[in-house]
Number of protein chains: 2
Amino acid sequence: MTSYKDNKVITIGTVNELTGLSERQIRYYEERGLIYPKRTKRGTRRYSFSDIEILMKIADKREDGVQTNEIRKDMINKKKDTDIRDEMLRGQLNAHFKKLR
Amino acid sequence: MTSYKDNKVITIGTVNELTGLSERQIRYYEERGLIYPKRTKRGTRRYSFSDIEILMKIADKREDGVQTNEIRKDMINKKKDTDIRDEMLRGQLNAHFKKLR
DNA sequence: CGTGTAAGGAATTCTGACACG
DNA sequence: CGTGTAAGGAATTCTGACACG
């Protein structure tokens, strides 16, 4: 589950290069609850490739004038969808194995 | 081909954390031709997850007393093997398509 | 040969704040 | 609300070199 994609090892400077977003923007989106970088012992932020993809989507929406508040809600809803799908799948598998017993 | 795994975005400090190798060691293995980090405009090194895997293999071999020179030769030979396999595969595909014409 | 270390400089990252709007 | 910026401090990274062996 923790593949390269989700490994938080990238500094904010590199994220800036990769996304074109300013460090100020990147930190602000964190403050608004859109991303959650890891912190090293010393306190510097580390991002994953997943974080970078999320940031690029955020950048797109911001360009369309969508507020961080809206973006966050959308992300939560999409997560809910995924959770529901997961739950349904689990339920079906469960029923399936029950039948086999 | 350029997946997350081969994307050179990790600083030497993080590589140190991930591999346990000192910065001195990491730079020395580069000097010996075992790894090739990217350089940013400013000149700081950036490594990929692939580089980190190679470094961990190097660390193992060094513990067994294998010299950097030997390690490099091994790496070149393995690359040659891969190249030969690729070439053979290409040849077979070629023959196959020739037949189809 | 492989690795540690001190040296000095340059660039990075962090936080809290003021600014504009 | 979202983002820029100057401020000051602390940690990072780089190179060339001396050291030991």
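Chain A is the first sequence line, chain B the second, and so forth, proteins listed ahead of strands; every chain is numbered from 1.
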How many Å lie between [atom1] on [X] and [atom2] on [N], as a whole number?
X     : N      : atom1 : atom2 : value
B/I35 : C/dG2  : CD1   : P     : 14 Å
B/E17 : D/dT13 : CD    : C1'   : 14 Å
B/R45 : C/dT12 : CZ    : P     : 15 Å
A/Y47 : C/dT12 : OH    : P     : 15 Å
B/E30 : D/dT13 : CD    : C1'   : 13 Å
A/N16 : D/dT5  : CG    : C1'   : 15 Å
A/L21 : D/dG2  : CG    : C1'   : 12 Å
B/I12 : C/dT3  : CD1   : P     : 13 Å

Is B/D81 salt-bridged to B/R85, cutoff N-O under 4.0 Å? no
Regarding A/R42 and B/E17, does a basic nitrogen lie under 4.0 Å from an acidic carboxylate oxygen? no
Which nucleotide wins on minimum distance to the side chain of B/Q67, given the candidates D/dC14, C/dT15, C/dG2? C/dG2
Measure from the side chain of B/T44, starting at C-beta and using heavy atoms only, and say which of D/dT13, D/dT3, C/dT13 lies closest. D/dT13
Taking 4.0 Å as the cut-off, does a side-chain nitrogen or oxygen of [X] come that near to OP1 or OP2 on [N]?
X     : N      : result
A/Y28 : D/dT3  : no
B/R24 : D/dC18 : no
A/R42 : D/dT12 : no
B/S22 : C/dG4  : yes
B/Y29 : C/dG2  : no

Between B/N69 and A/G13, who's closer to the 5' end of DNA chain C by nearest nucleotide? B/N69
Quick one, B/T11 and B/R46 - any side-chain contact, counting heavy atoms below 4.5 Å? yes
Would you kindly compare A/R46 and A/E23 by the position of their nearest DNA chain D nucleotide and give the one closer to the 5′ end? A/E23
So does B/Q67 get a backbone contact from the side chain of B/E70, meaning a donor-acceptor N/O pair under 3.5 Å? no
Going by purine N1 to pyrimidine N3 plus the second Watson-Crick contact, or the G-U wobble pair, all under 3.5 Å, which nucleotide sits opposite D/dT5? C/dA17
Under a 3.5 Å limit for both distances, which nucleotide forms a Watson-Crick or G-U wobble pair with D/dA11, could you say? none
Any base atoms under 4.0 Å from B/R27, or only sugar-phosphate, or nothing? Heavy atoms, all strands. base
Check B/L34 against B/M75 and note the closest heavy-atom contact, atom names and distance. O-CE, 3.4 Å
